[in-house]
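In what follows, a single structure is set out as structure tokens and then discussed.
Values reported hereafter were calculated over all heavy atoms of this structure, with side chains retained and with hydrogens, waters and symmetry mates removed. Atoms within a ligand are numbered from 1 in the order they appear, just like the ligands themselves. Just so you know, these numbers come straight off a predicted model, no measurement behind them.
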Amino acid sequence: MPLSAIDAELVIVPWFDDDTASSFDGLDDATGGEIARALGSREFQAKPFDLFFGATDKSWRARRVALIGGGKRTESGTDSMRKLGIVGGLAARQRQIERVAFVPRGLGDPVELAQAAVEGLTLAEFSAGSYKTMDPVPASASSWTIATLAGGDDPRMQDAVARGRILGESSNLARELANEPGNTLTPREFAARAASIANAAGISVDILDERQIADLGMGLLLGVARGSSEPPRLMVFRYEPAGASAAPVLGLVGKGITFDTGGISIKPADGMERMKDDMAGGAAVACAMRAIALLRAPMRVIGDVPATENMPGGRAIKPGDILKSAEGKTVEVINTDAEGRLILGDGLWYARKLGATHLVDIATLTGACVVALGKITSGLFGTPSSFVERVQRVADRAGDRVWPMPLFDEYRDQLKSEIADFMNTGGRPAGSITAAMFLKEFTGGLPWAHIDIAGTAWAEEAKPYMPKGPTGVGVRTLATLAFEEFEV
Ligand code: BES
Ligand code: MN
Ligand code: ZN
């Protein structure tokens, strides 16, 4: 279908540095030469995320066209297409435009470009849940269509659009959970909401209560939960597609601290409110399980999310206390604020017990990771390197930036304890690595990757393609991993 025949109010066209007014037959004419004029006067230079709106005449069915700057064509691809989709979607939403058509363009497979564009348009629909009673509710999302210039008759195209939709929606669901404050999203509420999200997609979910957690011997999870009057929960998600082979089984484990005060090793007041998102890894696992089921991944997948508050109550664990993990290993708690690794230790063990052959955990684990990689890139750790590299490739394609960090055995020395098998902290040097070394103790030698999202789960500054707030990082990576072929 020519662009002029698209039935929408607005057509959004990514525009690259080497595009000219005649790049699209009839488009410039339909705007009465406005595009040529804007390019000539350099009002619109196709710089990344610049917008140019033009009115179209009767030769076009859509009343308006928006060019959205895509920068250099040579740098275009799925990653920039996802971002352009977000920016285009947000621009349409801001202007309350109901029916939008988006035209994926750029280098790469047109089917993958379309999927990325749909992911972006869907991510633009995210509304941070609001408790405002005095302001009007934010504009609801527009409905949109994908108008393909190339690959429209490719049989994979419909699936790619559906896939982009599911991945974008699942990311948004994780963002909603991470945005919820600690007083509404208690461990029990988190478990109930995560279960209903996953259940609705056909995932079987068990929620273990404090007694069942105790029966499993999860002394690390129970230890962290002691300081709170809210009981802990352990969410267990199972995806077992008919006909899937017994192995591999992907095991996903997410940190579910619904609020992290630091416990007795309490955090400073400044910025502590941010610690409501310390369950972003757990939300990523729950929402990835949803996507995995809706996308009908071929592989068996188990997810588990230990959930608790980290509070300094009268029964809270104290520095120097020793906890016994479900695996049997003992831990000397040096700092109660290093609680994520404690609950994940029991979580990783449980994923193994349920039959996982490959482990991936995701957690807002260390401030040290934010120091090392900032807010752009998640830390990637694990073993063997062939497995870690595969996770990195998948994350790259999913639009979640990750970068590998070393796990040399010598780092383990920093965790040596006088009295227990090891300590839960290893001092300031290499803080994100020693945290990962701690987790490694609970992986039983299985292929394992750990993604530290302390810096990436929450956007502190708004970007054109990412508003302030929860990012949904990891959901698309974890979901896409279930389509890999792992050696067993
Ligand atoms: N949830 C925090 C990590 C964090 C910090 C996430 C900043 C997001 C932003 C974690 O539980 C924590 O407190 N880690 C400590 C570990 C230390 C006590 C060894 C940290 O990073 O300071
Ligand atoms: Mn902490
Ligand atoms: Zn924490």
Side-chain angles (χ1 to χ4, degrees), residues 178-179 182 185 187 190 220-221 223-228 232 253-284 305-312 316-321 323 331-347 361-379 381 405 411 414-415 417 422-439 450-461 468-471 473-474:
N179 200 46
L185 202 79
F190 181 23
L220 302 184
L221 174 56
V224 174
R226 284 180 64 89
S228 171
V253 182
K255 173 175 174 182
I257 296 290
T258 60
F259 195 85
D260 182 11
T261 67
I264 294 298
S265 315
I266 197 163
K267 289 180 181 294
D270 208 27
M272 200 204 275
E273 71 281 357
R274 264 284 321 285
M275 285 299 124
K276 69 175 185 177
D277 83 335
D278 213 17
M279 34 54 70
V305 177
T308 175
E309 293 184 331
N310 185 23
M311 295 286 283
I317 51 168
K318 302 165 287 295
D321 284 2
L323 301 176
V331 179
E332 182 185 6
V333 176
I334 299 299
N335 189 318
T336 65
D337 198 9
E339 85 296 342
R341 63 197 75 181
L342 294 174
I343 69 169
L344 288 171
D346 280 340
D361 78 77
I362 181 161
T364 46
L365 201 64
T366 64
C369 190
V370 193
V371 174
L373 296 171
K375 310 263 317 151
I376 312 293
T377 312
S378 305
F381 308 76
M405 304 275 270
Y411 288 112
Q414 287 175 236
L415 296 177
S417 165
F422 37 85
M423 309 190 296
N424 77 328
T425 60
R428 278 175 65 85
S432 67
I433 295 176
T434 51
M437 291 302 282
F438 182 98
L439 297 180
H450 156 59
I451 308 175
D452 192 333
I453 56 169
T456 50
W458 193 270
E460 222 87 62
E461 270 167 56
K468 278 188 197 180
T471 62
V473 66

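- Contacts between M279 and ligand 1, counted as non-hydrogen atom pairs separated by less than 4.0 Å, are absent for every part of the residue.
- The backbone N or O of T366 lies less than 3.5 Å from no partner atom in the side chain of S432, so there is not a single donor-acceptor pair.
- Once rounded to the nearest 0.5 Å, the distance linking CG of D260 with CD1 of I266 reads 10.0 Å.
- The atom name of the N/O/S atom in E339 closest to the Zn ion (ligand 3) is OE2.
- Counting the atoms of ligand 1 from 1 in the order shown, those under 4.0 Å from a heavy atom of N335 are 18 (C).
- Atom OD2 is the N, O or S atom of D278 at the shortest distance from the Zn ion (ligand 3).
- At a 3.5 angstrom cut-off on N or O pairs, E339 counts as close to ligand 1.
- Residue contacts with ligand 1, taken as heavy atom pairs separated by less than 4.0 Å, involve L365 solely via the backbone atoms N, CA, C and O.
- In this structure, atom 15 (C) of ligand 1 lies nearest to the protein heavy atom D337 O, 4.0 Å.
- Only the side chain of D278 comes within contact range of ligand 1, with a heavy atom under 4.0 Å; no backbone atom does.
- No donor-acceptor pair closer than 3.5 Å links the side chain of S378 to the backbone N or O of I453.
- D346 places a side-chain N or O within donor-acceptor distance of the main-chain N or O of L221, the cut-off being under 3.5 Å.
- At least one N/O/S atom of D260, whether from backbone or side chain, sits less than 2.8 Å from the Zn ion (ligand 3).
- Judged by distance alone, the side chain of T434 and the main-chain N or O of G431 form a donor-acceptor pair under 3.5 Å.
- At under 3.5 Å, not a single nitrogen or oxygen of R274, backbone or side chain, sits near a nitrogen or oxygen of ligand 1.
- Side chain of T258 to backbone of G182: no donor-acceptor contact under 3.5 angstrom is found.
- No donor-acceptor pair under 3.5 Å is formed between the side chain of T425 and the backbone N or O of G427.
- A donor-acceptor pair under 3.5 Å is absent between the side-chain atoms of D278 and the main chain of M275, judged by distance alone.
- Coordination check, A363 versus the Zn ion (ligand 3): failed, since every N/O/S atom of the residue sits at 2.8 Å or beyond.
- Residue K255 approaches ligand 1 through these ligand atoms, each under 4.0 Å from one of its heavy atoms: 1 (N), 10 (C), 11 (O).
- Within ligand 1, counting atoms from 1 as listed, the ones closer than 4.0 Å to a heavy atom of T425 are 19 (C).
- Only protein N, O or S atoms were scored, and 4 of them lie under 2.8 Å from the Mn ion (ligand 2).
- The main-chain N or O of T336 is never found under 3.5 Å from a side-chain atom of N424 such that the two would form a donor-acceptor pair.
- Polar contact with ligand 1: absent for V370 (N/O pair, distance under 3.5 Å).
- Interface of T364 with ligand 1, defined as ligand atoms under 4.0 Å from a residue heavy atom, comprises 1 (N), 2 (C), 3 (C), 6 (C).
- For the atom pair CD1 of I264 and CE of M311, the computed distance is 10.5 Å after rounding to the nearest 0.5 Å.
- Shortest contact from atom 9 (C) of ligand 1 to any protein heavy atom: M275 CE, 3.6 Å.
- From the protein, the heavy atom lying nearest to atom 6 (C) of ligand 1 is A454 CB, 3.6 Å.
- Contact annotation: for R341 versus ligand 1, heavy atoms closer than 4.0 Å belong to the side chain alone.
- Here the side chain of T308 pairs no donor or acceptor atom with the backbone of I257 at under 3.5 angstrom.
- In this structure the side chain of F381 never reaches within 4.5 angstrom of the side chain of M437, judged on heavy atoms.
- Rounding to the nearest 0.5 Å places CD1 of I317 at 7.0 Å from CG of N310.
- In this structure, the side chain of K276 engages the main chain of N179 through a donor-acceptor pair within 3.5 Å.
- Between W458 and T364, the closest side-chain pair of non-hydrogen atoms is not below 4.5 Å.
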